[in-house]
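Working notes for the structure below.
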Amino acid sequence: MAIANVSWQHFREELLAWYRPERRPMPWKEETDPYRIWLSEIILQQTRVEQGWPYFERFVTAYPTVTVLAAAEDDAVMKLWEGLGYYSRARNLLKAARTVADEHGGKFPATYAGLLDLPGIGPYTAAAVASFAFGRQVAVLDGNVFRILARYAGDATPTTTEPGRKHFQQLAERALGEVPAARFNQAIMDFGALVCTPKQADCARCPVASGCQALAQDRVYDLPVKGKKTTVRPRYFHYLVVSDARDRYLLEQRPAGDIWQSLYQFPLVETDSVDTSLEQLIQHTDWPATLDPTRLRQLRRSGVYRHQLSHQTIGAVFHVLASHGLLAPAAPPDSPMVVPRDEFDRYALPRIITRFLEDTTLTLGF
DNA sequence: GAGGCGTGGTA
DNA sequence: TTACCAAGCCT
């Protein structure tokens, strides 16, 4: 539990004195347009600033307003999101934009509760947009804030449970007090990224070190306390890179209920081994019904591409096959589409496939 | 409430 | 190589 003698007034005053907005300049800082703030916050969910920044620039260029975004094609938005991960964010981004355009007259809700109702907006994002865009007096609670508050207060309450989350939300509101929430929220997240970092925290230059319980008790790296980590499941993907004489390839869209939902891929046979032979793949239930093995010639079998997700490890092998005669288009989504190589850039692909394509661009095509 | 959901950087 | 983790949300 929180220690009674923790001074939140000292904390907030020193934090704001430390903070200078130019310390980490970002295109969405000092911004008041709710659309841009919302867009940046969705992009930055579980994502480093450096990784999300170019995506933010691309999105505001392609879709300068929420109304323009609402009118976009699903596949175009997914393509722009390609490589950023957590693709449900892109799907919810479009859903929320359409809700704002269709049901709110193109204006974002100006309250925490109203924002929370939009798909893809949870407690953190609702607090961020409410404070940054609308000046609401609410404290954000993200990974930085958990870590900073737990350390400053010497608080070992687990952050991963619902009671723990509510406990730290209360601490955050107490820390915020009556100072301007937008500035406080920006400051505490910059502070977590630059000073009170997970590893190698810069306690020597910390403006609130004198009041930090974790530092006093030498428990900086014991806090915050988190729950048990998720187990990683191994999976083996065998992609069928089938092309015909016109350099057209089979592509299919991934279904709901699995990773990379609504992204595209080569026809996939999933097995329990990385060593599965082409003969075994042909016998597998995943083998595409419309693909006649007798009309295929094996050109190449790639090495193993390994891809680490937060909860799965993918080992992928690309089986490069040539079709005698032209591939026949059939009706998606039941059967794969036939797509010319130079039209791949219309479709969002998982990173493991773009990596393969980067390796083989010059050797494919014949 | 626990687990699913990406990708890249770092130690 | 492995493990952690980064401006979380949804089911």
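Keep in mind that what you see is a predicted model, and the values were worked out from it rather than measured. We use all heavy atoms of the structure for the numbers below, so side chains are in, but hydrogens, waters and symmetry mates are not.
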Integer-rounded Å distance: [N] [atom2] and [X] [atom1]:
| X | N | atom1 | atom2 | value |
| --- | --- | --- | --- | --- |
| A/I43 | C/dG8 | CD1 | C1' | 15 Å |
| A/R91 | C/dT11 | CZ | P | 10 Å |
| A/L93 | C/dC10 | CG | P | 12 Å |
| A/K226 | C/dA6 | NZ | C1' | 9 Å |
| A/L44 | C/dA6 | CG | C1' | 10 Å |
| A/R48 | B/dT10 | CZ | P | 7 Å |
| A/Y221 | B/dA11 | OH | C1' | 12 Å |
| A/Y86 | B/dG6 | OH | C1' | 6 Å |

Measure from the side-chain heavy atoms of [X] and tell me the nearest of [options].
| X | options | result |
| --- | --- | --- |
| A/R147 | B/dG6, B/dG8, C/dA6 | C/dA6 |
| A/A193 | B/dA11, B/dG6, C/dA7 | C/dA7 |
| A/M189 | B/dT7, C/dC9, C/dA7 | C/dA7 |
| A/H311 | B/dG1, C/dA7, B/dC5 | B/dC5 |
| A/R351 | B/dT7, C/dA7, B/dG1 | B/dT7 |
| A/P198 | C/dC5, B/dG6, C/dA7 | C/dC5 |
| A/T47 | C/dA7, C/dA6, B/dG6 | B/dG6 |
| A/D258 | C/dA7, B/dC5, B/dG6 | B/dC5 |
| A/D190 | C/dA7, C/dG8, B/dG6 | C/dA7 |

- Let me know, please, whether A/Q51 or A/A126 comes out on the 5' side of the other along DNA chain C by nearest nucleotide.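 Here A/Q51 is the residue nearer the 5' end.
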- 5'-most by nearest nucleotide on DNA chain C - A/G120 or A/T197: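 The residue closer to the strand's 5' end, by nearest nucleotide, is A/T197.
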Looking at every strand, decide which applies to [X] at a 4.0 Å heavy-atom threshold: base, sugar-phosphate, or nothing.
| X | value |
| --- | --- |
| A/V49 | base |
| A/R306 | sugar-phosphate |
| A/E82 | nothing |
| A/Q308 | base |

- Hey, which of these two, A/G83 or A/P163, hits DNA chain B nearer its 5' end, going by closest nucleotide?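 That would be A/P163.
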- Message: Let me spell it out: for each of A/I259 and A/E50, pick the nucleotide of DNA chain B with the closest heavy atom. Which residue's pick is nearer the 5' end?
- Response: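 Its nearest nucleotide lies further toward 5', so the answer is A/I259.
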- Using the P atom in both, what is the distance from B/dG6 to C/dT11, to the nearest Å?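 Each nucleotide's P atom is 14 Å from the other's.
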- Item | Whole-Å P distance, B/dG4 and C/dA7 |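 Looking at atom P only, B/dG4 and C/dA7 are 23 Å apart.
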- Item | Note, A/I121 side chain near A/W38 side chain (heavy atom, < 4.5 Å) |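 In short, these two side chains touch, coming nearer than 4.5 Å.
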Ignoring backbone atoms, establish whether [X] has a side-chain N or O less than 4.0 Å from OP1 or OP2 of [N].
| X | N | value |
| --- | --- | --- |
| A/R89 | B/dG4 | no |
| A/Q45 | C/dG8 | no |
| A/T125 | C/dC9 | yes |
| A/W28 | C/dA7 | no |

- About how many Å separate CG of A/L215 and CG of A/L223, when rounded to the nearest 0.5 Å?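 Reported to 0.5 Å precision, the distance equals 11.5 Å.
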Residues [X] and [Y]: side-chain donor-acceptor under 3.5 angstrom:
| X | Y | result |
| --- | --- | --- |
| A/E279 | A/Q283 | no |
| A/N185 | A/S131 | yes |
| A/D286 | A/H238 | no |

- Message: Do A/R23 and A/W18 form a cation-pi contact, if we require the NZ or CZ to be under 6.0 Å from the six-membered ring centre and within 45 degrees of the ring's axis?
- Response: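 Yes.
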- Query: So, for A/V304 and A/V317, which heavy atoms are closest and what is the spacing to 0.1 Å?
  - Reply: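 The pair with the smallest heavy-atom distance is CG2-CG2, 4.2 Å.
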- Do A/Y124 and C/dG8 share a donor-acceptor pair, side chain to base, under 3.5 Å?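 For A/Y124, whose side chain was compared with the base of C/dG8, there is no donor-acceptor pair (under 3.5 Å).
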